[in-house]
Amino acid sequence: MNAKQSLTKKELEIMEILWDNDKPLTASDIKEKHTVNPNTVEACLRTLLKKEKIKVADIVYSNTVLCRSYTPVLKRDEYWASCYRQSAGDKNTTQLIAQFIDETDDLNEIGQLEDLIQKKKDELSHREKS
C-alpha cells in the first residue's frame, strides 16, 4: 500500500462509520456518529475523496440545506488485505494463515476459509481449462 492508499487514524475512523452503514451518509450524519471536531470530519472527507476511497453518492437535503452524501469505494476487506500485504512483506502467507487457523476456536471462521479456498480453487481450475 503506497502513501496514496494508506489511511490516517481519523480517515480510518470515518471509513469504519461509512462501512458500518448500508446507506450513504452526509457529513452531518458522520459528525453525529463521531466525537471528533466537525472540521476534521470535513477535512477527512475531502482527503478520502481525493484518494478515491469514497465517492459522492448523491446530493440530498439535510433539513433545508442541500449537501453531499458519501459512500465508500474502498471495501473494508480490500483495505485490510492491503494492510496485511504491506505488513507481511516477505513473510510466508501460508504460515500466517496456518497460525491463524491454529489459534481460532470458531468453526464458522474455519468454514468460511474452506469456502473461500474452494471458490478460489474452482476459479483457478476454470481458468486453466479455458
Side-chain angles (χ1 to χ4, degrees):
M1 184 166 35
N2 62 34
K4 184 179 178 187
Q5 293 174 322
S6 63
L7 299 176
T8 66
K9 182 180 175 185
K10 296 294 182 197
E11 290 167 352
L12 183 55
E13 290 172 10
I14 302 295
M15 289 300 295
E16 289 288 352
I17 291 168
L18 291 169
W19 286 326
D20 288 341
N21 284 274
D22 294 336
K23 64 181 182 92
L25 300 175
T26 64
S28 297
D29 296 332
I30 294 168
K31 291 171 197 170
E32 288 175 11
K33 298 174 185 295
H34 200 282
T35 58
V36 74
N37 180 312
N39 293 332
T40 302
V41 171
E42 296 287 347
C44 286
L45 289 171
R46 281 192 302 275
T47 303
L48 289 167
L49 276 169
K50 191 176 194 179
K51 290 180 178 181
E52 299 178 348
K53 304 303 179 197
I54 63 172
K55 67 180 180 179
V56 175
D58 204 357
I59 305 295
V60 296
Y61 276 101
S62 177
N63 297 322
T64 60
V65 179
L66 279 174
C67 56
R68 297 173 176 181
S69 64
Y70 301 93
T71 190
V73 172
L74 175 66
K75 293 182 173 101
R76 180 183 271 144
D77 57 346
E78 291 172 350
Y79 174 73
W80 290 114
S82 176
C83 288
Y84 158 75
R85 283 190 300 277
Q86 179 185 14
S87 65
D90 294 334
K91 295 178 186 167
N92 184 329
T93 302
T94 304
Q95 290 173 335
L96 290 171
I97 293 171
Q99 182 178 356
F100 169 78
I101 290 169
D102 284 343
E103 293 177 4
T104 189
D105 292 330
D106 188 338
L107 284 175
N108 188 39
E109 281 185 339
I110 299 295
Q112 288 175 348
L113 287 172
E114 288 174 334
D115 292 345
L116 289 170
I117 290 169
Q118 188 59 51
K119 183 179 176 184
K120 188 64 175 181
K121 281 178 154 180
D122 293 346
E123 177 186 313
L124 292 173
S125 175
H126 180 70
R127 263 196 235 159
E128 287 179 3
K129 292 178 184 176
S130 298

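The residues of the chain are indexed from 1 along the displayed sequence.
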Any donor-acceptor pair under 3.5 Å linking the side chain of [X] with the backbone of [Y]?
| X | Y | answer |
| --- | --- | --- |
| W19 | L74 | yes |
| D106 | N108 | yes |
| K53 | T47 | no |
| N21 | K23 | no |
| E13 | K10 | no |

What I'd like to find out is whether the side chain of [X] reaches to under 4.5 Å of the side chain of [Y], using heavy atoms alone.
| X | Y | result |
| --- | --- | --- |
| T104 | I110 | yes |
| P24 | D58 | no |
| Y79 | K75 | no |
| Y70 | I14 | no |
| D29 | I17 | no |
| R68 | T26 | no |

Once you round to the nearest 0.5 Å, how far does [atom1] of [X] lie from [atom2] of [Y]?
| X | Y | atom1 | atom2 | result |
| --- | --- | --- | --- | --- |
| S6 | K51 | OG | NZ | 5.0 Å |
| L49 | I54 | CG | CD1 | 4.0 Å |
| L124 | K119 | CG | NZ | 12.0 Å |
| K121 | L116 | NZ | CG | 13.0 Å |
| L45 | M15 | CG | CE | 10.0 Å |

So, are E123 and R127 salt-bridged, with charged N and O less than 4.0 Å apart?
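A salt bridge is present here (some side-chain N lies under 4.0 Å from a carboxylate O).
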Neighbour count above 12 (heavy atom, 6.0 Å) for L107 CG
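No, the 6.0 Å shell around CG holds no more than 12 heavy atoms from other groups.
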Could you tell me whether K33 atom NZ has more than 12 heavy atoms of other residues or ligands within 6.0 Å of it?
no
V41 versus A27, closest heavy-atom pair with distance:
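It is CG1-O, 4.1 Å.
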